[in-house]
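Written below as C-alpha cells is the structure these notes are about.
Just so you know, residue 1 is the first one in the sequence shown, and it goes up from there. Reckoned from all heavy atoms, side chains included, excluding hydrogens, waters and symmetry mates.
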Amino acid sequence: QVQLVQSGGGVVQAGGSLRLSCASSGRTLDYYVIAWFREAPGKEREGVSLIVTSDDSAYYVDSVKGRFTISRDKVKNTVYLQMNSLKPENTAVYYCEKDHKLRYGSFDSKEYNYWGQGKQINVYS
C-alpha cells in the first residue's frame, strides 16, 4: 500500500549530497521497521538502509557505509536518509518501505506492507 509520503531527491553532481524524507501517519509510540530501497536501471530492487525503532538500530548495505546516514524525528514521525559523496552508480529510484509487524531488520522488500511512491535520484559525472 502506498501510505508513505516521500520528499527530496533530484539531480546532483558526483560528490554532492541529497536528503530524502519519508513521513508516515502512525503513532510515534508505534514500533516499526522502515527501510530505504532503490531500483537502478536494469537492476533488481536492493536494500540501502533501515532503522528498527524498537531500539533505533540502523543498518546499511556495504556500498553506502560511511556515506549515507539514516535517522528519524520522533515528533515529526519522519525518517531521513542523508546521502553524501554521491556516485553515478547511486542513480536510482529510491523508495521508503515500512512494516509494523517486523521486529528485526530486513532487506527483503516483500516483508514490508507500506511504501512510498518513490523519488528519482540522478547523479552525473
*Is there any salt bridge (Lys or Arg N to Asp or Glu O under 4.0 Å) pair reaching into residues 109-122, and which pairs are they, with sequence neighbours excluded?*
D108-K110
_Derivation and outcome, side chain to side chain donor-acceptor pair (under 3.5 Å), residues E97 and S109_ = CA-CA 8 Å; E97 302 184 8; S109 181; 2.9 Å; yes
*Do T69 and Y80 pass the side-chain contact (heavy atoms from CB on, under 4.5 Å) test, and can you show the C-alpha distance, the side-chain angles, and the key distance before you say yes or no?*
CA-CA 8 Å; T69 303; Y80 305 94; over 6 Å; no
*Quick one: does N90's side chain get under 4.5 Å of F68's, heavy atoms only?*
yes
*Greater than 12 external heavy atoms within 6.0 Å of Q117's CD*: no
*Hey, could you give me the CG/CD1 distance between L4 and I34, rounded to the nearest 0.5 Å?*
5.5 Å
*asked:* Quick check: is V33 connected to V64 through a chain of hydrophobic side chains (ILVMFWY, heavy atoms under 4.5 Å apart)?
replied: no
*What's the verdict on side-chain contact (heavy atoms from CB on, under 4.5 Å) for L102 and Y112, showing C-alpha distance, side-chain angles and the deciding distance?*
CA-CA 8 Å; L102 290 173; Y112 295 84; 4.0 Å; yes
_Derivation and outcome, side-chain contact (heavy atoms from CB on, under 4.5 Å), residues F37 and W115_ = CA-CA 10 Å; F37 290 81; W115 59 88; over 6 Å; no
*Donor-acceptor pair, R67 side chain versus S85 backbone, under 3.5 Å?*
yes
*Take T78 and D73 through the side chain to side chain donor-acceptor pair (under 3.5 Å) test and state the conclusion after the steps.*
CA-CA 5 Å; T78 300; D73 186 320; over 6 Å; no
Donor-acceptor pairs under 3.5 angstrom involving side-chain atoms of residues 6-23: please list them, not counting sequence neighbours.
residue	atom	partner	partner atom	Å
Q6	OE1	C96	N	3.2
Q6	OE1	G118	N	3.0
Q6	NE2	Y94	O	3.0
S17	OG	N84	OD1	2.9

*Between Q120 and A92, which heavy-atom pair has the shortest distance, and what is it?*
NE2-O, 3.3 Å
Sequence neighbours left out, cut at 3.5 Å: what donor-acceptor pairs do the side chains of residues 48-62 make with other protein atoms?
residue	atom	partner	partner atom	Å
S49	OG	Y59	O	3.0
T53	OG1	Y32	N	2.7
T53	OG1	Y32	O	3.0
D55	OD1	S57	N	3.1
D55	OD1	S57	OG	2.7
D55	OD2	S57	OG	2.8
D56	OD1	R72	NE	2.7
D56	OD1	R72	NH2	3.0
Y60	OH	I70	N	2.9
D62	OD1	K65	NZ	3.0

*With a 4.5 Å limit on heavy-atom distance, are the side chains of R38 and E46 in contact?*
yes
*Side-chain donor or acceptor of N77 paired with backbone N/O of S24 under 3.5 Å*: yes
